[in-house]
Amino acid sequence: MSDTIPPSRSAGPSGAVPLTPGGAAVPPRPSVIQLVFKEKSALYAAFIPLFSEGGLFVPTPREYRLGDDVYLLLTLPDDPQRYPVAGRVAWITPPNASGGRTQGVGVRFPVDEKTRVLRVRIEELLGTSIQSAKPTQTI
């Protein structure tokens, strides 16, 4: 999996935050992260079926806050299509988390028809392994 993140638009080198012409702070652009799952086992470890809309764990050293927008470009095993997902950070695994858990974020999928179809596609790929007791990177 790769993690491609554009430069931050938060505070600049002087610590100043960009402002709109009206004086409001410019909201930061969502991160863009490419996730390429080459194996079903990696997809299983990252998939979050507990979120009603579905979601994925994204390993990343970048710091996020709950509710941050994250734009995923997702590639599934044996599928040449890239799936765009505009999700939100729903949980954070901090650095040095207990149990040796990987640092990263849980990204909740939005409630829309495209993402519902993506969740069904992921569940079809994973099949019965979704009920497996094998440990995952998720909650």
Enquirer: Scan residues 103-118 for pairs that pass salt bridge (Lys or Arg N to Asp or Glu O under 4.0 Å), counting only residues two or more places apart or in two chains.
Expert: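 Those involving residues 103-118 are Glu53-Arg108, Glu113-Arg116.
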Enquirer: Rounded at 0.5 Å granularity, tell me how far OH in Tyr44 sits from CZ in Phe37.
Expert: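 Those atoms lie 13.5 Å apart.
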Enquirer: Which heavy atom in Ile48 sits nearest to a heavy atom in Gly106, and how many Å separate them?
Expert: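 Closest approach of Ile48 to Gly106: CD1-CA, 4.0 Å.
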Enquirer: Could you state the interatomic distance from CG (Leu35) to CZ (Phe57), rounded to the nearest 0.5 Å?
Expert: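 It is 10.5 Å, given to the nearest 0.5 Å.
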Enquirer: Using side-chain heavy atoms (C-beta onward) and a distance below 4.5 Å, is Arg121 in contact with Asp79?
Expert: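 SC-SC contact between Arg121 and Asp79 confirmed.
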Enquirer: Are the side chains of Leu118 and Leu76 in touch, meaning some heavy atoms are under 4.5 Å apart?
Expert: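 With C-beta onward as the side chain, the pair touches.
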Enquirer: What closest approach, in Å, do Tyr71 and Pro84 show between heavy atoms, and which atom pair accounts for it?
Expert: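 Where Tyr71 meets Pro84 most closely, the heavy atoms are OH-CB, 3.0 Å.
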Enquirer: What pair of heavy atoms forms the shortest contact from Gly87 to Pro110, and how long is it?
Expert: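 Where Gly87 meets Pro110 most closely, the heavy atoms are CA-CD, 4.3 Å.
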Enquirer: As an exercise, state the distance from OG1 of Thr60 to CD1 of Ile92, rounded to the nearest 0.5 Å.
Expert: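 Taking OG1 in Thr60 and CD1 in Ile92, the distance rounds to 11.0 Å.
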Enquirer: Is the closest side-chain heavy-atom distance between Val89 and Arg65 below 4.5 Å?
Expert: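 A side-chain contact under 4.5 Å is absent here.
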Enquirer: Taking only residues two or more places apart in sequence or in another chain, which ones pass salt bridge (charged side-chain N to carboxylate O under 4.0 Å, His left out) with Glu39?
Expert: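 None.
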Enquirer: With Arg88, which residues qualify under side-chain contact (heavy atoms from CB on, under 4.5 Å), at least two apart?
Expert: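 With neighbours one apart ignored, the set is Asp69.
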Enquirer: Same hydrophobic cluster for Leu66 and Phe109, using side-chain heavy-atom links shorter than 4.5 Å among ILVMFWY?
Expert: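 Leu66 clusters together with Phe109.
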Enquirer: Could you tell me whether a side-chain N or O of Gln103 sits under 3.5 Å from a main-chain N or O of Pro61, the two making a donor and an acceptor?
Expert: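 Pair found, side chain donor or acceptor close to backbone of Pro61.
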Enquirer: Give me the one residue out of Val70, Leu74, Val85 that meets side chain to side chain contact (heavy atoms under 4.5 Å, CB included) with Val107.
Expert: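 Going through Val70, Leu74, Val85 one by one, the side chain to side chain contact (heavy atoms under 4.5 Å, CB included) with Val107 is satisfied by Val70 alone.
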Enquirer: Testing the basics here: between Phe47 and Pro49, what is the closest heavy-atom pair and its distance to 0.1 Å?
Expert: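 Smallest heavy-atom distance, with atoms named: O-CD, 3.3 Å.
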Enquirer: Among all residues two or more places apart in sequence or in another chain, which pass the side-chain contact (heavy atoms from CB on, under 4.5 Å) test with Ala97?
Expert: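 If we apply the side-chain contact (heavy atoms from CB on, under 4.5 Å) test to Ala97, skipping adjacent residues, the hits are Thr93, Pro94, Arg101.
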Enquirer: Measuring from Leu56:CG to Ile33:CD1, what's the distance to the nearest 0.5 Å?
Expert: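 Interatomic distance, Leu56 CG to Ile33 CD1, rounded to 0.5 Å: 10.5 Å.
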Enquirer: Going by salt bridge (charged side-chain N to carboxylate O under 4.0 Å, His left out), name the residues that satisfy it together with Arg82, two or more places apart in sequence or in a different chain.
Expert: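 Once residues adjacent in sequence are excluded, Arg82 has no partner under the salt bridge (charged side-chain N to carboxylate O under 4.0 Å, His left out) criterion.
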